[in-house]
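Presented below is the structure to which this report refers.
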Amino acid sequence: MNSINTMFSDKEKLQDALASQKFITGNYNTFTNECVTPEVRGVFMSILKDEHDIQNEVFTEIQKRGWYQVQPAEQQKIQQVKTKFGVQ
């Protein structure tokens with residue numbers, strides 16, 4: 001058995017993976033914003049999408065296991081934000 005598996009729980013490993021993905025997407029977002037070459041920017045955009053997809057997969061797994069509880073927004077608050085930003 002791998003010693004890393006005995007050191008950290010599944011919850012800790014997934015939380016670390018989520019934190020890592022947030023860091024990675026933040027960096028790729030910065031790289032993409034600061035890129036002046038269209039071809040390279042396109043590559044960064046593709047990588048950024050892939051990394052966001054991975055982040056979503058990790059988040060979904062954590063949430064499915066009940067380790068990341070999200071409270072649904074109240075409809076009144078949603079409507080207030082929509083009104084503020086002119087969204088129908």
Side-chain angles (χ1 to χ4, degrees):
M1 180 188 280
N2 188 339
S3 63
I4 191 82
N5 289 329
T6 59
M7 293 176 58
F8 299 101
S9 68
D10 287 346
K11 182 179 180 180
E12 291 168 323
K13 287 185 262 186
L14 285 170
Q15 288 174 330
D16 183 64
L18 183 60
S20 295
Q21 283 306 126
K22 288 178 179 182
F23 178 77
I24 289 167
T25 56
N27 282 336
Y28 273 113
N29 189 52
T30 298
F31 301 156
T32 303
N33 286 337
E34 296 177 358
C35 190
V36 295
T37 307
E39 295 82 9
V40 175
R41 185 177 188 280
V43 171
F44 279 140
M45 287 294 291
S46 178
I47 294 169
L48 181 59
K49 182 197 176 307
D50 291 344
E51 295 300 334
H52 273 289
D53 290 345
I54 294 167
Q55 180 179 340
N56 183 258
E57 288 175 21
V58 174
F59 173 79
T60 300
E61 184 61 29
I62 291 172
Q63 195 174 35
K64 183 174 78 176
R65 294 179 184 210
W67 297 331
Y68 198 121
Q69 299 298 317
V70 178
Q71 297 297 321
E74 297 172 17
Q75 285 301 316
Q76 180 182 0
K77 290 183 180 182
I78 293 171
Q79 190 56 48
Q80 287 173 344
V81 171
K82 284 181 169 182
T83 301
K84 178 179 178 180
F85 292 102
V87 177
Q88 298 296 328

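The structure presented is a predicted model; accordingly, all values stated were derived computationally and were not measured.
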*Can you tell me how far the CG atom of N33 sits from the CZ atom of F44, to the nearest 0.5 Å?*
11.0 Å
*asked:* Would you say V58 ends up clustered with I24 if hydrophobic residues are merged whenever their side chains have heavy atoms under 4.5 Å apart, either directly or through other cluster members?
replied: no
*Find the distance between CD (Q55) and OG1 (T60) and round it off to the nearest 0.5 Å.*
10.0 Å
*Kindly say whether G42 contributes a backbone atom to a donor-acceptor pair with the side chain of S46 at under 3.5 angstrom?*
no
*If you group Ile, Leu, Val, Met, Phe, Trp and Tyr by side-chain heavy-atom gaps below 4.5 Å, do I47 and V40 land in one group?*
yes
*Which heavy atom in T25 sits nearest to a heavy atom in L48, and how many Å separate them?*
O-CD1, 3.5 Å
_For Q21, run the side chain to side chain contact (heavy atoms under 4.5 Å, CB included) check against I54, D53, D16, N56 and tell me which one passes._
I54
*Give the minimum heavy-atom separation between M7 and E12, together with the two atoms involved.*
O-OE1, 4.2 Å
*Answer with yes or no whether the hydrophobic clustering places V70 together with W67; edges join I, L, V, M, F, W, Y residues whose side-chain heavy atoms lie under 4.5 Å apart.*
yes
*Determine, using the 4.5 Å side-chain heavy-atom cutoff (strictly less than), whether V43 and M45 are members of one ILVMFWY cluster.*
no
_Inter-residue atom distance Q63.CD - E61.CD, 0.5 Å rounding_ = 11.0 Å
*Taking atom CD1 of I78 and atom NZ of K82, what is their separation to the nearest 0.5 Å?*
7.0 Å
*Rounded to the nearest 0.5 Å, what's the gap from CD on E51 to OG on S20? Could you check?*
10.5 Å
*Is there a side-chain contact between Y68 and L14, using heavy atoms and a 4.5 Å cut-off?*
no
